[in-house]
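Chain letters run A, B, ... following the sequence lines, proteins first and then strands; every chain starts at 1. Computed from a predicted structure; not experimentally measured.
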Amino acid sequence: KAGVTQTPRYLIKTRGQQVTLSCSPISGHRSVSWYQQTPGQGLQFLFEYFSETQRNKGNFPGRFSGRQFSNSRSEMNVSTLELGDSALYLCASSLVANTEAFFGQGTRLTVV
Amino acid sequence: QKEVEQNSGPLSVPEGAIASLNCTYSDRVSQSFFWYRQYSGKSPELIMSIYSNGDKEDGRFTAQLNKASQYVSLLIRDSQPSDSATYLCAVDYTNAGKSTFGDGTTLTVKP
């Protein structure tokens with residue numbers, strides 16, 4: 001059974017640019033959550049999608065957005081990148097909310 | 001006060017010993033509790049989930065949940081150097097649709 005796949009694995013962008021990250025959940029999983037992980041802030045919740053609907057959003061500015069497609073694949077977009085957006089972005093999938101979640105390998109974003 | 005708090009660590013134990021990791025959470029209706037292990041440079045890996053009061057054992061790992069006292073713990077028996085990692089406690093609140101993570105406790109098992 002394939003795990004959670006995130007692409008790309010590594011990304012270098014310059015300030016002001018935008019970026020789109022992709023996440024393919026485990027087959028059959030309908031809930032996809034996104035997290036940002038930095039050394040100083042730990043794992044911070046960005047948003048959660050279920051059946052193409054965003055059900056929860058964390059305390060991040062509107063530059064961070066996402067969506068989920070009918071096949072449960074999800075994308076997150078960050079516009080007008082700032083240096084502070086440099087982080088490991090993790091996607092986690094679960095059957096439904098509040099159940100075991102499985103993380104992808106993450107996308108390491110560096111903003112220069 | 002953070003919603004999920006873990007021992008600040010780092011925690012160091014000798015090989016073969018029992019490692020005890022603790023996590024407390026704030027007073028809300030909490031439904032699901034998880035322990036993740038994260039090796040340096042890697043993503044979190046789920047190792048245990050627990051949903052009701054009491055103990056849950058899986059191999060060398062035992063999760064303990066006490067909702068009245070609002071804590072969840074993880075015991076690792078016969079610790080091995082390969083257990084050296086950061087352990088993250090996560091709590092899912094009812095209808096929240098998200099996990100709130102603690103800052104993690106770094107465990108080092110010395111041969």
Side-chain angles (χ1 to χ4, degrees), chain A residues 1 3-7 9-10 21 23 25-26 29-60 66 68 74 87-109, chain B residues 1-10 21 23-26 28-52 56 58 61 63 65 67 72 74 85-106:
Chain A
K1 190 174 185 181
V4 181
T5 303
Q6 290 189 246
T7 56
R9 292 289 311 281
Y10 302 92
L21 312 181
C23 172
I26 292 171
H29 284 196
R30 297 168 63 189
S31 174
V32 174
S33 300
W34 288 88
Y35 295 85
Q36 180 196 66
Q37 187 173 38
T38 59
Q41 297 297 318
L43 264 167
Q44 299 291 313
F45 172 77
L46 281 157
F47 25 66
E48 187 255 356
Y49 287 88
F50 184 83
S51 294
E52 302 179 66
T53 300
Q54 183 184 95
R55 298 194 299 183
N56 276 288
K57 192 177 191 310
N59 295 324
F60 280 82
Q68 186 180 35
S74 178
L88 179 65
Y89 290 88
L90 292 160
C91 160
S93 82
S94 57
L95 275 171
V96 294
N98 300 342
T99 60
E100 298 176 340
F102 300 88
F103 283 86
Q105 292 181 297
T107 295
R108 185 163 297 280
L109 171 66
Chain B
Q1 183 182 3
K2 293 184 178 180
E3 292 187 52
V4 179
E5 297 208 39
Q6 296 185 241
N7 301 41
S8 58
L21 304 161
C23 173
T24 59
Y25 56 95
S26 60
R28 289 174 63 183
V29 178
S30 305
Q31 190 171 54
S32 311
F33 306 85
F34 308 96
W35 283 99
Y36 291 86
R37 176 176 61 198
Q38 187 172 25
Y39 293 112
S40 180
K42 302 294 185 181
S43 62
E45 171 193 11
L46 178 70
I47 54 174
M48 290 286 284
S49 61
I50 187 165
Y51 301 95
S52 56
K56 179 181 178 182
D58 184 0
F61 299 95
L65 174 61
K67 289 189 176 183
V72 56
L74 180 70
T86 296
Y87 289 81
L88 299 163
C89 169
V91 178
D92 272 359
Y93 298 103
T94 302
N95 297 324
K98 67 174 187 177
S99 283
T100 300
F101 283 80
D103 289 339
T105 300
T106 299

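Put simply, the side chain of Gln36(A) never gets that close to the backbone of Gln41(A): no donor and acceptor are under 3.5 Å apart.
Residue Gln38(B) touches chain A through its side chain alone, counting heavy-atom pairs closer than 4.5 Å. Heavy atoms of Phe47(A) lying under 4.5 Å from chain B are absent altogether. With a 4.5 Å cut-off on non-hydrogen atoms, Gln37(A) touches chain B through its side chain but not through its backbone. With a 4.5 Å cut-off on non-hydrogen atoms, Ala92(A) does not touch chain B at all.
Surrounding NZ of Lys67(B) are more than 12 heavy atoms belonging to other residues, nucleotides or ligands, all under 6.0 Å away. The local environment of CD in Gln105(A) is sparse, with at most 12 non-hydrogen atoms from other residues, nucleotides or ligands closer than 6.0 Å.
Taking each heavy atom of Ile47(B) and Asp58(B) in turn, the nearest pair found is O-OD2, 4.3 Å.
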